[in-house]
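Down below is the structure, laid out as structure tokens.
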Amino acid sequence: RDSAQAYTDGGRPELAEKETAEADFLQQYLPEPLTDNQIDQIVAEEVGAAEAQLGERPPMKRMGPIVRAVIARVPGQGAVVAAKVKARLA
């Protein structure tokens with residue numbers, strides 16, 4: 001969609017239309033992004049699983065495996081996941 005805007009700004013509406021059509025086509029195959037609440041729930045579940053495995057609250061040094069476990073369930077939102085896991089472990 002950024003490309004379409006750039007083409008529109010550059011006076012190339014035919015290219016903007018093509019980019020918009022491609023984006024619309026691809027959008028129908030992409031999953032809906034999860035809400036913050038849904039991501040928070042998954043983070044809580046994975047932190048809880050780590051806690052059950054360790055027998056105690058996971059320390060910050062266990063952040064990596066927890067982030068990887070959450071990202072497996074929430075693909076494409078790595079930065080958001082890392083921040084939420086870090087906040088949960090802090």
Side-chain angles (χ1 to χ4, degrees):
R1 300 220 184 262
D2 292 340
S3 298
Q5 185 60 48
Y7 285 133
T8 299
D9 294 345
R12 300 292 308 265
E14 72 284 355
L15 293 176
E17 185 177 323
K18 180 180 177 235
E19 289 292 324
T20 301
E22 286 178 10
D24 291 342
F25 176 77
L26 292 173
Q27 187 64 40
Q28 58 189 337
Y29 294 101
L30 296 174
E32 288 293 319
L34 297 177
T35 66
D36 278 345
N37 289 337
Q38 290 170 318
I39 296 171
D40 289 339
Q41 179 63 35
I42 293 169
V43 168
E45 290 170 8
E46 293 298 338
V47 169
E51 187 172 341
Q53 182 182 16
L54 295 171
E56 63 183 13
R57 187 167 184 259
M60 190 62 76
K61 70 179 185 176
R62 295 281 302 167
M63 181 178 161
I66 295 170
V67 169
R68 284 190 292 280
V70 175
I71 287 176
R73 297 173 61 186
V74 185
Q77 298 188 36
V80 171
V81 167
K84 287 182 177 289
V85 170
K86 185 175 184 176
R88 183 79 181 211
L89 295 179

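Nothing fancy with the numbering, it's 1 onward along the sequence. All of these numbers come straight from a predicted model, not from anything done at the bench.
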### Message
Please list all pairs meeting salt bridge (charged side-chain N to carboxylate O under 4.0 Å, His left out) that have one or both residues in residues 56-68, counting only residues at least two apart or in different chains.
### Response
none
## Note on the structure
Value for CD (E45) from CG (D40), rounded to nearest 0.5 Å, stands at 11.0 Å
### Query
How close do A72 and P75 get, heavy atom to heavy atom, and via which atoms?
O-CD, 4.4 Å
### Query
More than 12 foreign heavy atoms under 6.0 Å from CZ of R12: is that the case here?
no
### Summary
Distance col, row E46:CD vs K84:NZ, nearest 0.5 angstrom, shows 15.0 Å
### Sequence neighbours excluded, every pair satisfying side chain to side chain donor-acceptor pair (under 3.5 Å) that has a member inside residues 16-25
R1-D24
### Message
Can you list, by chain and residue number, the hydrophobic cluster partners of I42 when the side-chain cut-off is 4.5 Å?
### Response
L34, I39, V43, V47, M60, M63, I66, V67, V70, I71, V74, V80, V81, V85, L89
### Query
Shortest non-hydrogen contact from A50 to P58?
CB-CG, 3.9 Å
